*Asks:* 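Sharing a structure, written as structure tokens. Questions coming.
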There are 2 protein chains.
Amino acid sequence: MDLELVASDAQEGKKQELKLWLRLLATTKLMSQEIRRRLRREFGATLPQFDLLAQLYREKDGLRLGELSSRTMVTNGNVTGLVERLEADGTILRERLEDDKRVTVARLTEKGRSYFEGMAEAHERWIKEMMAEVDPTVISGLLTHVGHVKESAQRHLSDED
Amino acid sequence: MDLELVASDAQEGKKQELKLWLRLLATTKLMSQEIRRRLRREFGATLPQFDLLAQLYREKDGLRLGELSSRTMVTNGNVTGLVERLEADGTILRERLEDDKRVTVARLTEKGRSYFEGMAEAHERWIKEMMAEVDPTVISGLLTHVGHVKESAQRHLSDED
DNA sequence: GGCAATTGTTTCAGGCCTCAAGGAAAGTCT
DNA sequence: AGACTTTCCTTGAGGCCTGAAACAATTGCC
């Protein structure tokens with residue numbers, strides 16, 4: 001094609017990032033609303049709870065609240081409340097360390113363990129169902145490219161961490 | 001490579017959708033936390049407010065709350081509160097229609113208009129900055145492929161709409 | 001016209017979320 | 001030891017979010 005088209009492409013391309021961002025946002029919002037709805041209906045759970053339980057599931061010895069907070073990208077203050085509610089209905093428990101009485105460790109109970117397994121199985125099924133019409137090649141392409149976006153974003157945060 | 005590898009690839013591929021989902025979620029969470037932080041610091045605004053204002057910006061005659069709700073993917077009840085707060089600090093105003101007194105229309109004020117323009121300019125800059133290290137080709141590939149994911153998800157919701 | 005169903009918004013309870021400020025335990029410095 | 005600083009968690013105010021129930025105005029049906 002000619003220079004004119006290249007030029008207009010370049011201009012058109014200027015807002016590509018913004019469009020991508022809006023589309024990413026809309027897509028994850030759509031999907032998480034659906035997941036939320038189903039978690040609620042079928043398990044009486046919320047997405048943040050599911051997320052938190054998933055972290056505890058793979059750590060038999062439990063995690064300190066601070067670790068939980070950074071792994072789930074949820075603020076400390078918020079973890080406190082989440083953990084309180086989950087402890088109240090017996091899916092996890094919480095105890096202070098003897099060595100260092102500042103830290104609290106949360107751990108899945110047996111009940112919590114099997115409860116989570118049921119949810120995880122359903123959750124994975126739902127995701128596959130929602131992405132059913134997307135070509136597997138496209139999926140793995142997205143996996144690496146979304147990874148690039150994440151890494152780029154990570155390097156451009158206000159304060160480093 | 002041989003059959004074994006193909007087979008193991010196929011097995012490996014089984015959780016690709018789940019991985020992609022988690023990565024999408026983590027990426028948008030990371031980016032929106034950053035955007036939120038900056039909107040707050042530099043404009044005293046929140047992301048949902050920005051989103052809502054963006055919709056009103058392109059509709060000079062305003063929008064009914066129901067329209068706002070579906071365009072921003074925010075529930076009706078939530079729109080009520082958002083609109084109340086935005087009206088309180090004078091960026092939008094709200095009025096009932098004469099023809100149909102059930103409907104309320106929200107519209108940007110002049111103040112709101114220029115306030116939003118400032119934010120929008122910064123917002124776009126931030127997005128480009130965060131995606132700076134991603135190849136433009138990759139960006140446009142993502143744009144279409146994330147679109148596929150969205151469409152697929154849209155066709156697999158519990159209740160149709 | 002009068003009653004029922006529908007549409008558009010608000011209200012409410014419960015949970016999520018952030019930032020900022022508080023308190024308690026452990027480490028550090030002199 | 002006593003005072004400073006840091007680490008880990010909790011609290012509190014303000015806002016976002018959902019689903020369900022309440023209300024009000026409009027439309028449809030007889």
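The figures here come from the full heavy-atom set of this structure, side chains too, leaving out hydrogens, waters and symmetry mates. Every chain is numbered from 1 and lettered A, B, ... according to where its sequence line falls, protein lines coming before strand lines. Predicted model only: the values in this text are computed from it and were never measured.
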*Asks:* Using 30° and 60° as the class boundaries, would you call the ring planes of B:Tyr115 and B:Phe43 parallel, tilted or perpendicular?
*Replies:*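 The arrangement is perpendicular - the two ring planes meet at more than 60°.
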*Asks:* List the residues meeting salt bridge (charged side-chain N to carboxylate O under 4.0 Å, His left out) with A:Arg36, not counting sequence neighbours, and say none if there are none.
*Replies:*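 A:Arg36 satisfies salt bridge (charged side-chain N to carboxylate O under 4.0 Å, His left out) with no other residue.
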*Asks:* By salt bridge (charged side-chain N to carboxylate O under 4.0 Å, His left out), which residues pair with B:Arg96, not counting sequence neighbours?
*Replies:*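 Checked B:Arg96 against salt bridge (charged side-chain N to carboxylate O under 4.0 Å, His left out); zero matches.
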*Asks:* Going 5' to 3' along nucleotides 7-19 of chain C, which nucleotides have protein heavy atoms under 4.0 Å from the base (write B), which only from the sugar-phosphate (write S), and which from neither (write -)?
*Replies:* BSBBB---SSBBS
*Asks:* Counting any heavy atom closer than 4.0 Å, what does A:Asp51 reach on the DNA or RNA strands: base, sugar-phosphate only, or nothing?
*Replies:*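 Contact class for A:Asp51: none.
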*Asks:* Can you name the nearest heavy-atom pair linking A:Gln55 to A:Leu63, along with the distance?
*Replies:*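 In terms of heavy atoms, the two residues are closest at O-CD1, 4.0 Å.
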*Asks:* Going by distance alone, is a donor N or O of one side chain under 3.5 Å from an acceptor N or O of the other, for B:Glu95 and B:Thr104?
*Replies:*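 Checked: B:Glu95/B:Thr104 side chains show no N/O donor-acceptor pair below 3.5 Å.
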